[in-house]
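One structure is given here, and the rest of the page talks about it.
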Amino acid sequence: MNARKALATALITTGIAVLAIDAPASAAPSRAELALRWAPIHHQDVDQTGDHALGGKSDYITRADFDGDLNGRNNWDNTGTGDMTAAAYYSVTETSSHWFITYLFFHPRDWVDHPFFETEHENDGEGVLLAVEKNGTDYGVLRSAVTVAHSDFYSYLPSGSTWTGGRESSDGTLTLASSPHDAFQHPVTAQEAKGHGLKAWPQYQIEGDGVTYYPATSGEAPSGPDDRDVRYQLIDVFAGGGLWAQRNNTSLFASLGTFAGDTSGGCGTGTFSCGTNSANAPWGWDDGNDVPGRGEIATDPAKLSAEYWTIPGTLSRSYVYNPYSSAAAALKVAAETAPAVVD
């Protein structure tokens, strides 16, 4: 190689090296991006039967302040007249080994359409916890899901998960599917009409009319009771002025982790009865037959995961991010004194 070629090669090589050194490292995903990436494709069965259905609107997911205020005691009354733009709440906690993402799907009504032995109530909060293992990639790998259906939890594993049953056995396989609104595979969940218990699809599924919700950066209202492509917005539980900041707002919460609700607006009319203060936020969720305490599905998900599953490798129980821990003492007292979960 002559001197000129050698110099040119050296400059090119050096230039490439400089470019490699100067190229900015890609930023790690934010918690909001993690929540969006793993947010479920969500099937909501819809029932239009009876006055309390409001033509199906009583089964739409939305914000707790869909009616423009933070009063939980007028949500039944305002269902169908407020802004039914689709939304779900999320919180992310993190250890050195895992992210834990909790999603809350809120309905202004838990309703029935007959007079026999079932109670309806104002507000409804059901959801799912996802455990995501850090594996060196931007978004990690999904290992498990635990869903909330009223006062019971149901546990699921995606195909290929290295986790297996522990104190609790798996209730089934968590399906993943493609979204038309991004390039990711998302877990698929579903809620029944009226009572809105939540399980992995297809253990619940749309029967007749229904809405299929897809996670997105903005939400939209269903065009009607049978709309199979509706985007829902994700809202951080810990956002300024958000649900966690409002946890002591007695207009929205009757007690720590339990939404306030009354019997106004016709709740209970023509049915067996209307319950009060019957719906729960994630820090109030409980399966009374399980070891984890009330709310720990959201506030200490590493503990719940260790109880539910047999996990190879490391499951760190020490949090590097967990805003719930700031109210640990109050949450413990609330868990010991709160009435039984009846959602």
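For the numbers below, each heavy atom of this structure counts, side chains included, while hydrogens, waters and symmetry mates do not.
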- prompt: Hey, are D59 and H107 close enough side-chain-wise for a donor-acceptor pair under 3.5 Å?
  reply: no

message: Measuring centre to centre across the rings, with the benzene-like ring taken for any Trp, is H98 within less than 6.0 Å of W309?
response: no

query: Looking at CG of N78 and CZ of F66, how far apart are the two atoms once the value is rounded to the nearest 0.5 Å?
result: 5.5 Å

message: Between T310 (side chain only) and G165 (backbone N and O only), is there a donor and an acceptor less than 3.5 Å apart?
response: yes

field: L331 side chain near L256 side chain, heavy-atom distance below 4.5 Å
entry: yes

- request: For atom CG of D51, decide whether the heavy atoms of other residues, nucleotides or ligands shown that lie under 6.0 angstrom number more than 12.
  value: no

Basic-acidic side-chain contact under 4.0 Å: K194, D47: yes

task: Check the pair S264, D77 against side-chain hydrogen bond (donor to acceptor under 3.5 Å, both in side chains), reporting the backbone distance first and the verdict last.
output: CA-CA 7 Å; S264 67; D77 316 50; 3.0 Å; yes

message: As an exercise, state the distance from CZ of R109 to SG of C274, rounded to the nearest 0.5 Å.
response: 10.0 Å

Counterpart residues, ring-ring contact (aromatic ring centres under 6.0 Å, His included), relative to Y232 (two or more places apart): F105

W285 side chain vs F153 backbone, donor-acceptor pair below 3.5 Å: no

message: For T217 and Q233, which I'm curious about, is there any donor-acceptor pair between the side chains at under 3.5 Å?
response: no

field: Ring center gap for W283 and W244 short of 6.0 angstrom
entry: yes

- prompt: Would a distance-only check, ignoring hydrogens and angles, find a side-chain to backbone donor-acceptor pair under 3.5 Å from D65 to L70?
  reply: no

query: Can you tell me if S316 and S318 form a side-chain donor-acceptor pair at under 3.5 Å?
result: no

- request: Output, in order, the C-alpha distance, side-chain angles, deciding distance and verdict of side chain to side chain contact (heavy atoms under 4.5 Å, CB included) for T85 and R63.
  value: CA-CA 8 Å; T85 297; R63 301 167 59 111; over 6 Å; no

message: Please check this pair: side chain of E94 against backbone of V320, looking for a donor-acceptor N/O pair closer than 3.5 Å.
response: no

query: Is it true that F116 and F272 have ring centroids separated by less than 6.0 Å?
result: no

query: What closest approach, in Å, do P40 and P215 show between heavy atoms, and which atom pair accounts for it?
result: O-CD, 3.4 Å

message: I'd like to know if the side chain of Q203 and the backbone of D171 have a donor-acceptor N/O pair within less than 3.5 Å.
response: yes

E296 backbone acceptor or donor facing D300 side chain under 3.5 Å: no

- line: Between Q44 and the options Y204, Y60, Y213, the side chain to side chain contact (heavy atoms under 4.5 Å, CB included) test singles out Y213

statement: So CG of N75 and CG of D67: to nearest 0.5 Å the spacing works out to 5.0 Å

Side-chain heavy-atom pair D113, H52 within 4.5 angstrom cut-off: no

- prompt: Under 3.5 Å, is there a donor-acceptor pair between the D110 and H150 side chains?
  reply: no

- request: Supply the atom-to-atom distance T189 OG1 to H43 NE2, rounded to the nearest 0.5 angstrom.
  value: 8.0 Å

message: Could you check whether any side-chain N or O of Q191 sits under 3.5 Å from a backbone N or O of H196, counting only pairs where one atom can act as donor and the other as acceptor?
response: yes

query: Can any side-chain N or O of K57 pair as donor or acceptor with the backbone N or O of T81 at less than 3.5 Å?
result: no

- prompt: Which residue pairs pass the side chain to side chain donor-acceptor pair (under 3.5 Å) test with at least one member in residues 333-343, sequence neighbours excluded?
  reply: K332-E336

